[in-house]
Every structure is written in C-alpha cells, then in structure tokens.
Amino acid sequence: MKKAILIIAGTLCLAACAPKAAEYTEPDHQNITCFEDMQAYFTYNPARDIVISSHRGGMMPGFPENCSASCENTLSLIPTFFEVDFSFTKDSVLVMMHDFTLDRTTTGKGWIRDYTYEELQQFNLVDRDENVTPYKIPTLNEMLAWSKGKAILNFDNKYISDKDTSPEDKLGCLEYYAKQLLPGGDWADYPNIMITVRSLDEALFYWNRGIHDVMFSAEITSPEIYEAFDASPIPWDHFLAYVHQTLNPDMYEVYNKLHEQGVMLMIAVSPTSDTVRNPTDRRAAYLQNLISEPDVIETDYPAEFVDLPRSRKALRDLQATYRK
C-alpha cells in the first residue's frame, strides 16, 4: 500500500509539472507516411490516453506471437503499435520468431539456423496455451508488407543482448540493420519502423552511419543514463524512453525532464503483471499499472486492456478514490 501511495503521489507530481495541453488530437498510428509522422506519434502530451504496445505482436487464444494475423486481430480491438522479433534461417531469410529455437512457439524442434525457410513451412505456429494454429512462420518482409499504412513496428534486435552471440556476430547484425535502414536498403521504404536499442552506443552506431530518420526505444533508468543521452548528438525527438517494469518514485525528476523534452515513458509488464495467473488478480495488476500513468504500457496481452480505463481523466478519478 505504501508503494501504491508513493506511485500515486509521484504521478500527481508528474501531472502538476507537465505542460498544459490545449486542444489535442490523437496521432494516427495507421497513417505513418514519413519520419515526422513517427515523431508526432511518439511526442508526449499530458492529455493523451495511455498507449498500449503489443509485445511480440499481442497474443490471444488461437493467435500466436510474432504473426501478422495476431497483429491484425489485436489492431481490430485496440489502437496499438507492435514490438516484434525475427531470426535468421539457414539460407539467411529473416523470419518472425523471438526464440532462436522452434520448440516453444511452433510444432517443430531445433535451431532456426539449421532450417531453410522452405523447410520451416512444414511447421505451424502454436499459441501460448500450446494449441496448434493454422498459421505458418511468416517472413519479416511479409510482416513489413502487412504493416505499411496500418501499424508501427518496433524491431527488437535480440542478438545484441544474447550472451551466446559472439561480438563479431553482434557487430555483423548491427551492420545488417544499418544497411537495411539506409537508402536502398530493404527497410528504407518503411517509415513505420522503430528500433529498440539497449545502450547509447547502439543508438550512436546508427546515428554515426547517417541514419537520422528513425525512432529509437531506449532504456533510460538512471540520472546518469539520462545525462549521457542528453549530451549526445541525437535529439530527444528521436526517442521513446523505456523506464523498466514500473515507474520509480526516485526517478520522477528525470521523468519530468523527459516529458519537458517531449519524450514518452514506457513500462513493460510482460515479466510482471502479464505473469499473474488468476484473471481477476491480473486485471487488478493492470489497473495499478494504468493508475501509475506511464505514457506507454508494453504487454503480451493488449486485448485485456480494451475495457480498462486509459484516459487521463478516468485515471485521475481513480487516483482520487485511492487517496480517500
């Protein structure tokens, strides 16, 4: 209870310090035609509803992760953008897959790198309850084609954080990303791409290669990290700030600075609230996440937020109830 009170108090501090919004129009997540549209979508505004980000594309019974059909289903239920993952096959095709193996999310077994794309088509995707679905493993190109004019994709380069990936392979993966983002690359015609980076150095890797028209989702979880990003040549209007799994009361000064720079704050609840097994308790956990008023909540289960309050007014009313 003490923690909840601290979070609510901090939220009220953020609200009091935030610039006052005049008339506000929600950016269109389905109409990203240029980098400026991405910047507009990810600009903080205190009047904006909490944005839900769909981790691995969002999941429901019958809809597996990292699948365009799942994204389409989620998008029909709630405005959202999608964090997605991909892996390389034996013949260097990028397929939508979080893990390096097939075991958890498909009817297959073994390492993705040991199969060609054609060989992977013998398998079907399974949902979180291990039910076999009719969906095959899609390619990244198929996901990109689906997303254009429809949704924002946040690319998570998991090779960078994998402890078993060699430094040489990590560098090669970064070089591959940069090549695809630069003019003439396979991703250059998709302004709806965001890149998750795990450090300032990773963001600077792209920036120093002339990639100046992409949004970064970057972890900013300490005053020291904030100061390093603030001193970098990359403008703040290129960032979404990932601030960990909850808002930290000790970080509200930094959060206010980020808001003053127009940067939105994102928490990720896939390791926390998403793992609560009892549906009633999970809903209560989601509600607590919303009441703390991050600007973005990344979740495995965006459909469960459909009928939860996401407007600032509704959340402030709930905060007032907590204080009574």
Side-chain angles (χ1 to χ4, degrees), residues 14 17-19 21 26-29 32 34-55 80-85 151-158 160-161 174 177-178 180-182 187 190-248 251-269 292-298:
L14 281 176
C17 297
E26 180 74 15
D28 187 353
H29 63 286
I32 303 295
C34 60
F35 177 58
E36 289 72 23
D37 289 340
M38 285 285 278
Q39 288 178 303
Y41 184 82
F42 287 105
T43 297
Y44 168 72
N45 188 296
R48 189 175 185 179
D49 292 357
I50 308 302
V51 176
I52 301 302
S53 168
S54 300
H55 188 231
T80 188
F81 67 98
F82 299 95
E83 184 270 356
V84 295
D85 317 89
I152 293 166
L153 300 181
N154 178 7
F155 288 1
D156 186 3
N157 187 347
K158 63 185 180 301
I160 302 304
S161 60
L174 285 171
Y177 267 50
Q180 306 315 315
L181 289 166
L182 286 167
W187 306 345
Y190 294 92
N192 57 318
I193 293 173
M194 166 183 272
I195 303 293
T196 288
V197 293
R198 288 172 171 79
S199 67
L200 176 58
D201 285 343
E202 190 178 342
L204 287 170
F205 179 92
Y206 298 111
W207 186 262
N208 292 336
R209 281 158 178 74
I211 300 169
H212 296 172
D213 56 354
V214 67
M215 292 293 300
F216 298 111
S217 172
E219 181 174 326
I220 301 177
T221 51
S222 74
E224 293 75 19
I225 294 174
Y226 171 85
E227 294 299 335
F229 274 85
D230 195 44
S232 83
I234 309 176
W236 278 116
D237 60 6
H238 285 57
F239 288 105
L240 166 69
Y242 167 57
V243 298
H244 222 240
Q245 297 163 14
T246 60
L247 294 182
N248 179 355
M251 281 283 290
Y252 279 108
E253 183 177 350
V254 170
Y255 298 159
N256 284 326
K257 289 179 180 178
L258 287 166
H259 278 167
E260 288 168 3
Q261 300 282 3
V263 179
M264 298 174 72
L265 313 176
M266 180 175 76
I267 65 169
V269 300
S292 72
E293 284 196 63
D295 306 310
V296 182
I297 297 177
E298 184 181 83

Please test Met266 against Ser217 for side chain to side chain contact (heavy atoms under 4.5 Å, CB included), starting from the C-alpha separation and ending with a verdict. CA-CA 9 Å; Met266 180 175 76; Ser217 172; 3.8 Å; yes
For Phe205 and Tyr177, what are the C-alpha separation, side-chain angles and deciding distance, and is it a side chain to side chain contact (heavy atoms under 4.5 Å, CB included)? CA-CA 10 Å; Phe205 179 92; Tyr177 267 50; over 6 Å; no
Residues Trp236, Phe239; criterion ring pair (Phe, Tyr, Trp, His ring centres under 6.0 Å); working and verdict: CA-CA 6 Å; Trp236 278 116; Phe239 288 105; 5.7 Å; yes
Would Ile297 and Val269 satisfy side chain to side chain contact (heavy atoms under 4.5 Å, CB included), going step by step from the backbone distance to the final call? CA-CA 7 Å; Ile297 297 177; Val269 300; 4.0 Å; yes
Apply side chain to side chain contact (heavy atoms under 4.5 Å, CB included) to the pair Val214 and Phe216, showing each step before the final yes or no. CA-CA 7 Å; Val214 67; Phe216 298 111; 3.6 Å; yes
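To the nearest 0.5 Å, the span separating CG on Leu240 from CE on Met38 amounts to 9.5 Å. Atom CZ of residue Phe155 and atom CD of residue Gln180 lie 10.0 Å apart, to the nearest 0.5 angstrom. Atoms CE and CG, on Met194 and Leu153 in that order, are 11.0 Å from each other to the nearest 0.5 Å. The distance from the NE2 atom of His259 to the OH atom of Tyr252 is 10.0 Å, given to the nearest 0.5 Å.
Considering all non-hydrogen atoms of both residues, Met215 and Asp237 come closest at SD-O, 3.4 Å. Here the closest non-hydrogen pair linking Ser222 and Met251 is N-CE, 3.5 Å. The shortest non-hydrogen separation linking Asn192 to Ala151 is ND2-O, 2.8 Å. Nearest approach of Ser232 to Leu200, heavy atoms of both residues: CB-CD1, 3.8 Å. Closest non-hydrogen pair, Ile220 versus Ala241, comes out as CD1-CB, 4.1 Å. Nearest heavy-atom pair, Glu83 versus Ser53, reported as atom, atom and distance to 0.1 Å: N-OG, 4.4 Å.
Using a 4.5 Å heavy-atom threshold, the side chains of Val197 and Tyr206 count as touching. The closest side-chain heavy-atom distance from Ile50 to Val296 is not below 4.5 Å. Put simply, the side chain of Glu298 does not reach to within 4.5 Å of the side chain of Ile267, judged on heavy atoms. You'll find the side chain of Leu204 reaches within 4.5 Å of the side chain of Ile234, heavy atoms only. Residues Arg198 and Glu219 fail the side-chain proximity criterion, which asks for heavy atoms closer than 4.5 Å. You'll find the side chain of Phe82 stays beyond 4.5 Å of the side chain of Asn154, heavy atoms only. Taking the side chain as every heavy atom from C-beta outward, Asp37 and Phe35 never approach each other to under 4.5 Å. A heavy-atom distance below 4.5 Å is found between the side chains of Leu258 and Leu265.
The side-chain tip of Arg48 does not point at the ring of Tyr44 from less than 6.0 angstrom away and within 45° of straight on.
A donor-acceptor pair is defined here as one N or O able to donate and one able to accept, closer than 3.5 Å; no such pair exists between the side chain of Asp230 and the backbone of Tyr226. Using a distance-only test at 3.5 Å, with no hydrogens or angles considered, a donor-acceptor pair links the side chain of His212 to the main chain of Trp207. Between the side chain of Arg209 and the main chain of Leu182, no donor-acceptor pair closer than 3.5 Å is present. In this structure a side-chain-to-backbone donor-acceptor pair under 3.5 Å is missing from Asp295 to Met264. At distances below 3.5 Å, at least one donor-acceptor pair connects side-chain atoms of Tyr255 with backbone N or O atoms of Asn248. Between the Glu227 side chain and the Pro223 main chain, no donor and acceptor come within less than 3.5 Å of each other. No donor-acceptor distance shorter than 3.5 angstrom exists from the side chain of Thr221 to the backbone of Val243, with no hydrogens or angles considered.
Between Phe42 and Phe81, the two ring planes are perpendicular [angle over 60°; tilted spans 30° to 60°].
In the displayed structure, Glu253 atom CD is contacted under 6.0 Å by at most 12 heavy atoms of other residues, nucleotides or ligands.
Side-chain atoms of Asp213 and His238 form no donor-acceptor pair, as typed in the model, at a separation below 3.5 Å. Inspection of the Thr196 and Asp156 side chains reveals no N or O donor paired with an N or O acceptor under 3.5 Å.
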